[in-house]
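Note sheet for the following structure.
Predicted model only: the values in this text are computed from it and were never measured. Just so we're on the same page: letters track the sequence lines, and every chain starts at 1.
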Amino acid sequence: MAYSVEIDRKWQKKWEETNIYRFDKDNLDKKLYCLEMFSYPSGAKLHAGHWYNFGLTDSWARMKRMQGHNVFHPQGFDAFGLPAENFAIKTGIHPKDSTMQNIATMEEQLKRMGATFDWDYEVITCLPEYYKWTQWIFLQLYKHGLAYRKNAPVNWCPSCKTVLANEQVLDGCCERCSSEVTKKNLTQWFFRITKYSQELLDCLPDLDWPEKTKKIQTNWIGRSEGAEIEFKVADSDLSFRVFTTRADTLYGVTYVVLAPENELVDKITTDTCRRAVEEYRNTVSKVSEIDRLSTVREKTGVFTGAYAIHPLTGERVQIWIADYVLAGYGTGCVMAVPAHDERDYEFATKYNLEVKRVIKGAEGIDDALPFTEDGFLTGSMEFDGISSEEARLAIVKKLESKNAGELKVTYRLRDWLVSRQRYWGSPIPIVYCDKCGTVPVPEDQLPVELPYNVVFTPDGESPLAKCEEFINTTCPSCGDPARRDSDTLDTFVCSSWYFLRYPDNKNDKEAFNRELINKMLPVDKYVGGAEHAAMHLLYARFFTKALRDMGYLDFDEPFLSLVHQGVILGPDGQKMSKSRGNTVSPDEYIEKYGSDVFRMYLAFGFSYVEGGPWSDDGIKAIDRFVNRIERLIIKFASEKGSAGSDQFGSDEKELNYVRHFAIKSATDDIEVFQFNTAIARIMELVNALYKYDALENRNIKLMEDTIKDAILLLSPFAPHFAEEMWELLGGGYSVFNQPWPAYDEKALVRDEVEMAVQINGQVKYKINVSSDADNQQIEEAALTDERADGYIGGRNIVKVIVVKGRLVNIVVK
RNA sequence: GCUCGUGUGGUGGAAUCGGCAGACACAACGGACUUAAAAUCCGUCGGACUAACCCUCCGUGCCAGUUCGAGUCUGGCCACGAGCACCA
């Protein structure tokens, strides 16, 4: 039977019946946790991108399994989230119904992929058995001060009608729907991820992650070393602190600026300036976030009428408010040094404020103002002449002695806003009581179930707020009537710990057993899209560290090794989308060619981390390749009994060389996700087998062993086909219980090697030398070759460089 | 604006520590088989020069440099992509 989707079904059935991919719980010493980022069960089916991620990671896992690892390879669904809810608003189909239906479809499709998933460990985040523990983790974070509620200006997406975390805002727009994000003052729940800023940074270097991803996280955390310096408000008891990385320019301060939102503004503004200040604050509040963050917009501000006292000189400097100072970073106040900061310079020029130079450039350096580089101090009293670098420490030291400042590290990372004014998510397990205030739901009352019958037309208010039987409850503490929190949790909360739940997904006593996950985690290989660099991957690291510090697990990082698959584009080289009409539907190709052909094309046609455009010609080529192998094996199976020779001459040596070279290369390449070159080596092996098969007198034993190795090498990419071929050759079930082939070092040594001979670095001719020849002999062979004199042409040989097995370079003059 | 990444035939993509550029495929072209087509098999396949082969020369975005030797290392530039962006 020629390979087709029928073969797929035959072996999928057999695998299921024999439970071949069941994880062995009793052999944890050899465990290998291989994980793909779980998928969101959207209305559509599995797309080419899912296949690329899941199918090829499965190929990697299959090799690992054959190499003797006890592979843990679970699957699940990130099932809460906005698309299902929006779909419901449009069609009236309840999110729970559509989601569970989609999950059933995707499970079927995933099974048809023929992967090694052990479905016993499935996790679905929207089921109460799961989100009970999401809520439990929320309560632990709350107890340890890592979850808190505050009123703050937050990102609001007017189209999604919910708040967003900083990470979900791209260029001032909603990450999901691209609407412009506005600011809104709301009381919301936050997770204190900033407590881990430094550790999140410190652990990055040791992770086997793409450098780019580590860089993104480093930028996102944004560590900045500087100083906090105190300024007193003149004629008042008030004071405030500024954050600066340029304490060396302190003597150049000619005014200070507060963010318009700063609380101090009301208290210090003088009566004569009050109207102007109020007006300005009003204007600023109307400017959109995008405009406010624009660097090209002209800076504006107003004088408050108040003065601050310079901490070292005692001078009075004006206090301004201006919208180029951000309320949320540092202290929300800056000292302005127009001579040495471009923004301050622009502002000072516009409003005629003093510009005072305190830094000179080194000799020969253009230090025209504004001069923002390091240099040497001037006009800075006893610090004159020393370098910026020294001054930053010396000046802060002096401030310290006067109790007016100290060194300070600031991070750009903000706490993670987790409340969402939407329906389809995990309820927040908190009750508000008039008497007792904020009361956590007792653990034995979890889960706080998400009610089914809810009107979820989005109007900016949480749908749950309008569900009387949900919202009205009694206070767990005093028993009086009380109200539940009506928001739900950001779905990134659910996905921040699912990898911890997989190994212990049926545990109904705890989120996960500590002893078990200490053995099962960290994840050894994690594969998924690069778009999660600053969101999921950062949140999951935070959760792991927080759970560790709360005593629930004993490792520092969730994912030791990370790979991002590239993106498969449409045949036109554009991103696949329904509106472009360039999507590739895996199901159709699988019906036509079988799932192995589909998977193998994805492996061969692209550099894994790059991705690229889909090609129908490419998949046809793989179909031909599979047929070519099948013809060879069917022919061989029919001739297997016939007598062959046991000779081991040069033809056999050559075949054996290609065989072992393929084993070595494919093994190395699969290990590092270079599937395209691994398959190229297998193709070479098949070509060599064809060549050998055409000979009169063949060594049948060698041929059989070689074909079997070829099947084994192919099996991770074409699991169904490999089973079929293995069976055809009389191998026992299953090919996946065979050990991965090992290469023989001796077979890789050829009797003779071809080497290039260069004259002055240019290849002129080739010579064959015995592979055990030493450098002396190789040099001699190159020089005594009949072609040598023609190229040397009587010139002097300056030197001869021999690179064993590669080339000889004769340098002549 | 700052930071990082990428740039190789008609196409997808290879190339170890600086060592024969273009593996493996696709497409194209020529041939064999066939009544014919499909399938299959064999051959050619970076460019210039050439009737053709050899030879020679050029060739990994561009310009320099280091080196016996550079796709690979260094400096500068160009293009594309990504991340950050009034972060004090």
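If you take atom P in B:C57 and the same atom in B:C4, they sit 40 Å apart, rounded to whole Å. Between B:A28 and B:G9, the two C1' atoms lie 13 Å apart (nearest whole Å). Taking atom P in both B:U16 and B:A48, the straight-line distance is 29 Å, to the nearest Å. For the C1' atoms, the distance from B:U66 to B:G76 is 15 Å, rounded to whole Å. Between B:C80 and B:A14, the two P atoms lie 24 Å apart (nearest whole Å). Taking atom P in both B:A15 and B:C20, the straight-line distance is 13 Å, to the nearest Å. Here, B:G5 and B:C24 have their C1' atoms 26 Å apart, quoted to the whole Å.
For the pair A:Arg541 and A:Leu207, the minimum side-chain heavy-atom distance is below 4.5 Å.
Ring pair A:Phe598/A:Tyr589 is tilted by interplanar angle, where 30° to 60° counts as tilted.
In this structure, A:Lys764 reaches the B:C57 phosphate: one of its side-chain N or O atoms is under 4.0 Å from OP1 or OP2.
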Which parts of nucleotides 80-87 of chain B does protein reach within less than 4.0 Å, heavy atoms only, written one letter per nucleotide 5' to 3' as B for base, S for sugar-phosphate only and - for none?
-> -BSSSSBB
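Among B:C20, B:C68, B:G13, the nucleotide with an atom closest to any side-chain atom of A:Asn809 is B:C68.
Using a 4.0 Å heavy-atom cutoff across all strands shown, A:Gly611 reaches sugar-phosphate atoms only and no base atom.
With respect to A:Asp668 and A:Lys664, a salt bridge is recorded, a charged nitrogen being found less than 4.0 Å from a carboxylate O.
Centroid-to-centroid, the aromatic rings of A:Tyr608 and A:Tyr52 come within less than 6.0 Å.
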